[in-house]
Asks: 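Right, I'll just put the structure down here and ask away after.
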Amino acid sequence: MEIWGWVFIGMLFLADFVVKIEPFKLGRSQPTERISGSAGDVLEDNPVGRLKVFVYELPSKYNKKILQKDPRCLNHMFAAEIYMHRFLLSSPVRTLNPEEADWFYTPVYTTCDLTPNGLPLPFKSPRMMRSAIQLISSNWPYWNRTEGADHFFLVPHDFGACFHYQEEKAIERGILPLLQRATLVQTFGQRNHVCLKEGSITIPPYAPPQKMQTHLIPDKTPRSIFVYFRGLFYDVGNDPEGGYYARGARAAVWENFKDNPLFDISTEHPTTYYEDMQRAVFCLCPLGWAPWSPRLVEAVIFGCIPVIIADDIVLPFADAIPWEEIGVFVDEKDVPNLDTILTSIPPEVILRKQRLLANPSMKQAMLFPQPAQPGDAFHQVLNGLARKLPHDKSVYLKPGERVLNWTAGPVGDLKPW
């Protein structure tokens with residue numbers, strides 16, 4: 001305990017010191033040390049002039065009317081599909097001439113179907129997506145040239161285009177067959193997983209920038225919390241037998257550290273949640289139903305070192321954000337040793353992680369602000385698409401050639417939407 005206390009005091013001093021050096025103001029550019037190497041180059045890329053995107057004009061039942069029915073979707077962690085659509089409509093990369101387009105975008109709000117408690121229901125999503133693809137393939141010639149290989153879709157469900165929130169069921173479903181050739185822009189990312197298609201672009205979940213701006217605290221506030229977490233440890237409502245949720249990692253956090261004075265953890269979600277994160281040195285980011293959660297974004301924004309507990313996770317914009325340098329990775333099996341792992345990190349390592357977390361350009365890359373800002377998550381998505389160009393000639397099909405099976409998948413998916 002004496003060692004823990006000594007390290008804790010040292011970390012608090014360093015955390016306070018770094019926050020004073022580089023306070024973060026949302027939406028403002030501040031001088032800071034540049035992120036070195038290829039990550040810094042990618043982070044600062046400007047996609048304008050490097051690609052053109054054609055946005056399909058779909059009937060409003062696929063997007064705007066769904067949002068009108070439930071405006072809560074604007075603040076949901078899956079809202080990137082809505083804001084990406086709005087961004088592209090006025091983006092300088094948009095082209096109204098599909099013949100010159102590098103990419104085609106189909107604006108379908110597949111996650112905007114929420115329960116009274118605000119949880120997304122993905123069960124209608126496959127039929128909705130199939131319907132939209134049938135529409136664009138029937139009314140425009142561009143899908144049929146490649147069967148979607150030059151198209152991209154936002155699918156920010158827990159398990160992307162597998163369209164289920166429980167991993168076992170998502171794996172059983174697999175990626176919607178009609179999306180097998182398209183590029184998927186999704187929050188889900190886990191190596192060697194059937195729900196992660198090769199070439200997918202992994203993005204952060206949506207976290208409201210304006211809301212976080214209103215919760216900023218004075219930059220001189222010391223970081224007096226060592227480890228912070230608020231959230232579920234057991235999801236008894238959706239997983240009564242405990243066989244799926246977080247693969248037991250969250251339960252292990254609670255059972256091992258609920259009485260540890262260095263761990264400020266609880267299921268309660270206080271009104272001071274954002275302020276508390278700004279007072280913490282480490283913020284736990286364990287997997288839930290999927291490997292990721294909005295805590296990852298919140299931790300980066302508020303300069304709290306993310307402790308990532310999710311085996312084989314593929315993190316957002318991994319070629320631009322130096323996750324290994326700003327975060328701490330803990331294997332799910334090692335959660336019982338979390339206290340030893342964190343208190344053993346040298347103070348100079350803590351200092352460097354906090355310096356990097358203070359970089360405004362890295363924070364900006366994690367956000368979908370309104371209006372868009374240079375280097376934000378919208379631009380990082382476009383950068384990812386631009387790096388895939390030019391398309392290989394092999395993606396263009398011969399006349400009459402077909403690759404995708406339109407009748408594959410569960411029978412329920414084939415019903416009209």
Asks: So do the side chains of Trp323 and Val300 get within less than 4.5 Å of each other, counting heavy atoms only?
Replies: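 Yes. Closest side-chain heavy atoms under 4.5 Å.
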Asks: Distance from Tyr105 atom OH to Ile136 atom CD1, nearest 0.5 Å?
Replies: 12.0 Å
Asks: Verify whether one side chain among Arg250 and Tyr245 offers a donor that lies under 3.5 Å from an acceptor in the other.
Replies: yes
Asks: With no hydrogens and no angle check, is any side-chain donor or acceptor of Gln278 less than 3.5 Å from a backbone partner on Phe302?
Replies: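 Judged by distance alone, no pair lies under 3.5 Å.
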Asks: I need the minimum non-hydrogen distance between Arg127 and Pro416, along with the two atoms involved.
Replies: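 Nearest pair, atom of Arg127 first, then Pro416: NH1-O, 2.9 Å.
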Asks: Can you find a heavy atom in the side chain of Tyr228 that is under 4.5 Å from one in the side chain of Cys304?
Replies: no
Asks: Might you point out which heavy atoms bring Ala386 and Arg50 nearest each other, and give the distance in Å?
Replies: CB-NH2, 3.6 Å
Asks: Between Trp292 and Met77, is any pair of side-chain heavy atoms under 4.5 Å apart?
Replies: yes
Asks: Looking at Pro218 and Thr221, what are the two nearest heavy atoms and their distance?
Replies: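 The pair with the smallest heavy-atom distance is O-OG1, 2.8 Å.
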Asks: Less than 4.5 Å apart, side chain to side chain, heavy atoms only: is that true for Gln370 and Pro209?
Replies: no
Asks: Once you round to the nearest 0.5 Å, how far does CD1 of Ile175 lie from CD of Gln180?
Replies: 5.5 Å
Asks: Between Ser200 (side chain) and Leu196 (backbone), is there a donor-acceptor pair under 3.5 Å?
Replies: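 Between the backbone of Leu196 and the side chain of Ser200 there is no qualifying donor-acceptor contact (under 3.5 Å).
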Asks: Would the distance check show the side chain of Ser125 and the main-chain N or O of Pro122 forming a donor-acceptor pair, the cut-off being under 3.5 Å?
Replies: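 Yes.
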Asks: Taking Phe378's backbone N and O only, do any of them form a donor-acceptor pair with Asp376's side chain (distance below 3.5 Å, no angle check)?
Replies: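 Indeed, once roles are kept as given, a pair shorter than 3.5 Å links the two residues.
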Asks: Using a 4.5 Å cut-off on heavy atoms from C-beta on, say whether the side chain of Phe257 contacts that of Val227.
Replies: no
Asks: Under the ring pair (Phe, Tyr, Trp, His ring centres under 6.0 Å) criterion, do Phe282 and Phe226 qualify, and how do the steps go?
Replies: CA-CA 6 Å; Phe282 294 104; Phe226 187 54; 5.4 Å; yes
Asks: Would you please indicate yes or no on a ring centroid separation below 6.0 angstrom for His151 and Trp103?
Replies: no
Asks: Compare all side-chain heavy atoms of Val108 with those of Tyr56 and state whether any distance is below 4.5 angstrom.
Replies: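 Side chain of Val108 against side chain of Tyr56, heavy atoms only: no contact under 4.5 Å found.
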Asks: Is the shortest side-chain N to carboxylate O distance from Asp264 to Arg230 below 4.0 Å?
Replies: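 A salt bridge is present here (some side-chain N lies under 4.0 Å from a carboxylate O).
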Asks: How are the rings of Tyr109 and His85 set relative to one another: parallel (under 30°), tilted (30 to 60°) or perpendicular (over 60°)?
Replies: perpendicular
Asks: Could you work out, with side-chain contact (heavy atoms from CB on, under 4.5 Å) as the rule, every residue matching Lys65, not counting sequence neighbours?
Replies: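 side-chain contact (heavy atoms from CB on, under 4.5 Å) check on Lys65 returns Ser60, Gln68.
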Asks: Is any side-chain heavy atom of Ile313 closer than 4.5 Å to a side-chain heavy atom of Leu287?
Replies: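 They are not in side-chain contact.
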Asks: Around atom NZ of Lys388, are there more than 12 heavy atoms from other residues, nucleotides or ligands closer than 6.0 Å?
Replies: yes
Asks: Do Tyr62 and Ser131 have a side chain donor and acceptor closer than 3.5 Å?
Replies: yes
Asks: Which one of Asp319, Asp45, Ile201, Leu43 satisfies the side-chain contact (heavy atoms from CB on, under 4.5 Å) criterion with Gln380?
Replies: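 The option that passes is Leu43.
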Asks: Mind checking whether Tyr142 and Phe54 have parallel, tilted or perpendicular rings, split at 30° and 60°?
Replies: tilted
Asks: With the threshold set at 4.0 Å, does a side-chain nitrogen-carboxylate oxygen contact exist between Arg247 and Asp311?
Replies: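 No, Arg247 and Asp311 are not salt-bridged.
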Asks: Can you tell me how far apart NE2 (His391) and CZ (Arg145) are? Round to the nearest 0.5 Å.
Replies: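 One finds 9.5 Å between NE2 of His391 and CZ of Arg145.
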Asks: Does some side-chain heavy atom of Glu325 sit less than 4.5 Å from a side-chain heavy atom of Lys353?
Replies: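 Lys353 does not reach Glu325 side chain to side chain.
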Asks: Looking at Leu176, Thr202, Val155, which one forms a side-chain contact (heavy atoms from CB on, under 4.5 Å) with Leu184?
Replies: Val155
Asks: What's the separation between atom CG in Leu342 and atom CD1 in Ile350, rounded to the nearest 0.5 Å?
Replies: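 If we round to the nearest 0.5 Å, Leu342:CG and Ile350:CD1 are 8.0 Å apart.
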Asks: Output the distance between atom CG (Leu262) and atom OG1 (Thr343), rounded to the nearest 0.5 Å.
Replies: 7.5 Å
Asks: Go through it in stages, so that I can follow the logic: the residues are Met84 and Val381, the test is side-chain contact (heavy atoms from CB on, under 4.5 Å), and I'd like the CA-CA distance, side-chain angles, deciding distance and then a yes or no.
Replies: CA-CA 9 Å; Met84 194 72 195; Val381 171; 3.7 Å; yes
Asks: Minimum heavy-atom separation for Pro204 and Ala377, please, with both atom names.
Replies: CG-CB, 4.4 Å
Asks: With side-chain contact (heavy atoms from CB on, under 4.5 Å) as the test, would you mind laying out the steps for Ile133 and Phe153 before giving the verdict?
Replies: CA-CA 11 Å; Ile133 293 173; Phe153 294 82; 4.1 Å; yes
Asks: For Asn359 and Ser361, does a side-chain donor sit closer than 3.5 Å to a side-chain acceptor?
Replies: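 Short answer, yes.
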Asks: Is Glu255 atom CD crowded by more than 12 heavy atoms from other residues, nucleotides or ligands, each under 6.0 Å away?
Replies: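 Above 12, so yes.
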Asks: Is the gap between the ring centers of Phe368 and Tyr83 under 6.0 Å?
Replies: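 Phe368 vs Tyr83: aromatic centres not under 6.0 Å.
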Asks: Do Tyr273 and His215 have their ring centres less than 6.0 Å from each other?
Replies: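 Not under 6.0 Å, so no.
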Asks: Got a second to check how far Ile171's CD1 is from His164's NE2, nearest 0.5 Å?
Replies: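 Here the interatomic distance stands at 12.0 Å.
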Asks: For Asp113 and Thr111, test the side chains for any donor-to-acceptor distance below 3.5 angstrom and give the result as yes or no.
Replies: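 No, no side-chain donor-acceptor pair sits under 3.5 Å.
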Asks: Distance-only, no hydrogens or angles: does the Lys363 side chain make a donor-acceptor pair with backbone N or O of Ile301 under 3.5 Å?
Replies: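 Side chain of Lys363 to backbone of Ile301, a donor-acceptor pair under 3.5 Å: yes, one is there.
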Asks: What heavy-atom pair brings Cys283 and Ala299 nearest, and what distance separates the two atoms?
Replies: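 Distance-wise, the nearest heavy atoms are CB-CB, 4.1 Å.
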Asks: Aromatic rings His157 and Phe78: how do their planes relate, parallel, tilted or perpendicular, breaks at 30° and 60°?
Replies: tilted
Asks: For residues Tyr206 and Glu81, is any side-chain donor paired with an opposing acceptor at under 3.5 Å?
Replies: no
Asks: What's the verdict on side-chain contact (heavy atoms from CB on, under 4.5 Å) for Asn75 and Lys211, showing C-alpha distance, side-chain angles and the deciding distance?
Replies: CA-CA 10 Å; Asn75 295 308; Lys211 182 180 179 182; over 6 Å; no
Asks: Any luck finding a side-chain donor-acceptor pair between Trp289 and Asp235 under 3.5 Å?
Replies: yes
Asks: Quick check: are there more than 12 heavy atoms from other residues, nucleotides or ligands sitting under 6.0 Å from CD of Glu401?
Replies: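 Count over threshold, so yes.
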Asks: For Arg181 and Thr146, indicate whether the former's side chain and the latter's backbone hold a donor-acceptor pair under 3.5 Å.
Replies: yes
Asks: Donor-acceptor check, side chain of Thr115 to backbone of Leu119, threshold 3.5 angstrom: yes or no?
Replies: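 Pair found, side chain donor or acceptor close to backbone of Leu119.
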Asks: What are the two closest non-hydrogen atoms of Gln190 and Pro291, and how far apart are they?
Replies: OE1-CG, 3.2 Å
Asks: I'd like to know if the side chain of Gln373 pairs up with that of His379 as donor and acceptor (distance under 3.5 Å, no hydrogens or angles considered).
Replies: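 Short answer, no.
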Asks: Test side-chain contact (heavy atoms from CB on, under 4.5 Å) on Asp413 and Arg173 and set out the steps.
Replies: CA-CA 10 Å; Asp413 290 2; Arg173 286 191 56 87; 2.5 Å; yes
Asks: Over 60° means perpendicular and under 30° means parallel, so classify the ring planes of Phe233 and Trp254, tilted if in between.
Replies: tilted
Asks: Can a side-chain donor-acceptor contact be found between Tyr244 and Glu168 if the only test is distance below 3.5 angstrom?
Replies: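 Yes.
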Asks: Are there over 12 heavy-atom neighbours, none belonging to Lys258, within less than 6.0 Å of that residue's NZ?
Replies: yes
